[in-house]
Amino acid sequence: LRGWKKEGRIQHLGITHYRDDAHDDLEAVIRAEAIDSVQLNYSIDNRAAEARLLPLAAERGVGVLVNLPFGGGGLLRKLQGRPLPAWAGEIGCRSWAQVLL
C-alpha cells in the first residue's frame with residue numbers, strides 16, 4: 001500500500017479496528033508509521049479512545065473516522081421510550097438520533 005501511495009494509485013493510507021482492546025496496537029502503528037487516518041470506536045458511552053488515541057492522532061496530523069458512534073445502536077436502544085428534551089423540538093429534532101447528531 002505504501003508503494004501504491006507513492007505511485008499515486010491511492011491517495012490515503014489508514015488503519016482501523018473496532019475493539020477497545022486493540023488501542024495499544026493502534027497507538028503503536030500511529031507512532032511508528034506515516035498514516036493518514038485511523039478509524040476507531042468512539043461514542044458518548046465509550047470514550048476509551050479519548051485519553052490517548054485522539055490526542056495522538058491530533059499531534060501527528062492523522063485524520064480520525066469514528067466507528068460505532070452510537071455504540072452499534074446500543075446507545076439509541078437505551079434511550080428508546082424516553083421523551084426528548086423540550087429544546088429538541090425547538091431545533092427541529094424529532095428523534096434521539098437527530099438530537100445526538
Side-chain angles (χ1 to χ4, degrees):
L1 289 174
R2 283 187 201 99
W4 283 4
K5 185 174 177 182
K6 192 173 186 175
E7 294 170 9
R9 292 177 67 185
I10 62 172
Q11 290 184 329
H12 304 285
L13 180 60
I15 57 173
T16 184
H17 208 289
Y18 66 97
R19 292 185 4 202
D20 293 346
D21 62 1
H23 285 186
D24 289 343
D25 294 330
L26 291 175
E27 181 180 3
V29 172
I30 294 169
R31 288 189 185 284
E33 302 291 337
I35 61 169
D36 300 301
S37 64
V38 60
Q39 182 180 26
L40 47 80
N41 283 3
Y42 185 68
S43 67
I44 197 166
D45 65 344
N46 179 359
R47 297 167 61 174
E50 193 171 90
R52 292 184 324 195
L53 292 177
L54 295 182
L56 178 61
E59 173 189 316
R60 302 279 179 147
V62 174
V64 174
L65 297 117
V66 173
N67 186 22
L68 301 173
F70 299 115
L75 179 58
L76 293 175
R77 280 190 293 279
K78 290 177 186 176
L79 297 172
Q80 191 172 3
R82 294 182 61 188
L84 293 174
W87 57 264
E90 295 171 14
I91 61 170
C93 291
R94 295 190 177 19
S95 74
W96 275 106
Q98 290 176 317
V99 169
L100 295 172
L101 289 174

Between Thr16, Leu56, Val38, which is the residue that forms a side chain to side chain contact (heavy atoms under 4.5 Å, CB included) with Leu26?
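Testing Leu26 for a side chain to side chain contact (heavy atoms under 4.5 Å, CB included) against Thr16, Leu56, Val38 leaves exactly one candidate, Val38.
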Shortest non-hydrogen contact between [X] and [Y], atoms and distance:
X     : Y     : result
Asp45 : Lys78 : OD2-NZ, 3.5 Å
Ala49 : Pro55 : O-CD, 4.4 Å
Val64 : Ala57 : CG2-CB, 3.6 Å
Pro69 : Ser43 : O-CB, 2.9 Å

Would a single hydrophobic cluster contain both [Y] and [X], if residues Ile, Leu, Val, Met, Phe, Trp and Tyr are joined by side-chain heavy-atom contacts under 4.5 Å?
X     : Y     : value
Ile44 : Leu84 : yes
Leu68 : Leu53 : no
Ile30 : Val66 : yes

Pairwise distance [atom1]([X]) to [atom2]([Y]) - rounded to 0.5 angstrom:
X     : Y     : atom1 : atom2 : value
Leu40 : Glu27 : CG    : CD    : 12.0 Å
Glu59 : Arg31 : CD    : CZ    : 6.5 Å
Ile15 : Ile35 : CD1   : CD1   : 4.0 Å
Ile10 : Trp4  : CD1   : CH2   : 7.5 Å

Is there a donor-acceptor pair closer than 3.5 Å between any side-chain N or O of Asp36 and the backbone N or O of Leu13?
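Yes: the side chain of Asp36 pairs with the backbone of Leu13.
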Does Arg2 have more than 12 heavy atoms from other residues, nucleotides or ligands lying within 6.0 Å of its CZ?
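No, CZ of Arg2 has 12 or fewer neighbouring heavy atoms, counting only those of other groups under 6.0 Å.
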Side-chain touch His17/His23, heavy atoms, less than 4.5 angstrom:
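His17 vs His23: side chains apart.
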Could you pull out all residues at least two apart from Glu50 that satisfy salt bridge (Lys or Arg N to Asp or Glu O under 4.0 Å)?
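If we apply the salt bridge (Lys or Arg N to Asp or Glu O under 4.0 Å) test to Glu50, skipping adjacent residues, the hits are Arg47.
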So, using salt bridge (Lys or Arg N to Asp or Glu O under 4.0 Å) as the criterion, who are the partners of Asp20 when residues are at least two apart?
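Here no residue qualifies.
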